[in-house]
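One structure is given below, encoded as structure tokens.
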Amino acid sequence: MDELASLCKRRGFIFQTSEIYGGINGFWDYGPLGVELKRNIKETWWKTTVQARENVVGLDSSIIMHPRVWEASGHVGNFKDPMVDCRETKSRYRADQILVFKHKTDDSALMFAYPEDEEAPVKKAGKLAKIKADDYESVPLLDIPVAHYNRLVGPDTAEAGTLTEPRAFNLMFKTHVGPVEESANVAWLRPETAQGIFAQFGNINAISRLKIPFGIGQIGKAFRNEINPRNYTFRSREFEQMELEFFIKPGTDAEWHEYWVDARLKWYSIVGLPEGRMHRDVHSQEKLAHYASACTDILYDFPFGTQELEGIAARGNFDLTQHQTVSGKGLEYFDEETKERYLPHVIEPSAGVDRIALALLCEAYRIEWIPNDGGKVLTADPNVNRAPEGYEARTVLRFAPCIAPYKVAIFPLLKNKEELVTKARAVFERLNDRWNCFYDHAGAIGRRYRRQDEIGTPFGVTIDFDTLENDTVTVRDRDTMEQIRMPISELESYIAERVRF
Ligand code: ATP
């Protein structure tokens, strides 16, 4: 992750926000390449989820909405995480993400708290109390009675008894609308885009003539005052969501839920996350919210553990019922055929753009040893600094072409041969009309290829002396590094075929 983060900074994918002032925890900026990557993720989602479907429409609702939206949705009352503080180090933790390494039977032994995505602190425990690891087990912090916290050693300290008892902490960012800061004008930055959709359901239902089942999709920023932002951009305080509310006839929940889990998994394979590293976490009945009939999380094997990219929930008609009750406005759907009036149920696939961007970067990132003259590409051995004799190391981002920030790089073989440059500029301008392309004439051609490999550009087009003779160019494939020759007139269809999704 450190290597990847350093590449992301060096090549302009992701920067710490307001870095010149020391940054601010949980906020990130996307640089020139990162913004393209994110746009491509959103574009493939919007195209396949909204535009390609006749029964799905889009919405762009405001970030700050009437505060009663969040009362109705339950966020004011319930959108809370339990947190514990360490009095010694002043660190703050999500209590539900902390495990405790404790003696199986001895209730007077020291216990050791640690983050759930780390290994049990056997060494630390050994130092502070002579332990036999076999006698110990890991249990959730929330299962430990607060009365026993005096024997509990915090994650970042060697002392027992420094953790406070868990307290509920609302994750919504609070602000005030208008010039006076008083409780009457409190407002919230939305912690999800979904409620904007539910709050506009009545209008869209009235004007769109859509028939159930139909969906409303939205992409936009969401804000959560996460207690412990971590793992690079994975858990941020400002992030983007892509959410669909797919409204269905009550009773058809199970089949539509399954449909959307499958459809979303297909989308992940299109954007370049292979099936083998994707997982479904099907929530058991006890884990479900009282109104939900099913929820499946879609997880990806990140280098820091297997973690959620998206949740797909069958939420019944909980949200519409709440908004209808609290607003006093009817939100029922009228079925023209059966003459029935009802509040539709909903399936909600809710994905995070930033987490998907991070997964795509992790998946694409490779260091390879490439042979100087033909032969097999090797995966670099992380313990060996230099490529073996006859090989050269390259860093490559193997993005799916539809996701890559630049689709094509265009190179004149030499920068000081005017005919080559004129021709190359003409090819660049033609392709750049259609896709985001990169023109580069600086340095040896091999180095130019390498620079593009490092930012994941799938195709490199070189204009050489043969081009001037017969209007053909070479097209180099980033992954195989093979070059083929083709007429300039065929370039567009060749690339179009490969970047489509
Ligand atoms: P987690 O359990 O990881 O906090 P969640 O289950 O609360 O996530 P949802 O409320 O289901 O998340 O939000 C839907 C999606 O929004 C998540 O799958 C994730 O991709 C994204 N998301 C949620 N919180 C964050 C965050 N703090 N940073 C980045 N993305 C987030």
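Just follow the structure's listing: the first ligand is 1, and inside any ligand the first atom is 1.
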**Prompt:** Under a 4.0 Å heavy-atom cut-off, what residues line ligand 1?
**Reply:** Arg224, Glu226, Phe234, Arg235, Ser236, Phe239, Gln241, Glu308, Leu309, Glu310, Gly311, Ser350, Ala351, Gly352, Arg355
**Item:** Within residues 5-33 or reaching into it, pairs that qualify as side chain to side chain donor-acceptor pair (under 3.5 Å) - sequence neighbours excluded
**Value:** Lys9-Glu19, Arg10-Glu454, Arg11-Glu454, Thr17-Asp29, Tyr30-Asp354
**Asked** Are Glu240 and Lys42 within salt-bridge range, i.e. N to O under 4.0 Å?
**Response** yes
**Message:** Suppose the criterion is side chain to side chain donor-acceptor pair (under 3.5 Å): which pairs have a residue in residues 81-91, not counting sequence neighbours?
**Reply:** Asp81-Arg94, Asp85-Arg92, Asp85-Arg167, Thr89-Ser91
**Item:** Ionic contact status for Lys104 with Asp134, cut-off 4.0 Å
**Value:** no
**Request:** Provide the full list of ring pair (Phe, Tyr, Trp, His ring centres under 6.0 Å) pairs with a residue in residues 340-366, sequence neighbours left out, each pair given once.
**Result:** Tyr333-Tyr342
**Request:** Answer yes if the ring centres of Phe173 and Trp188 are under 6.0 angstrom apart, and no otherwise.
**Result:** no
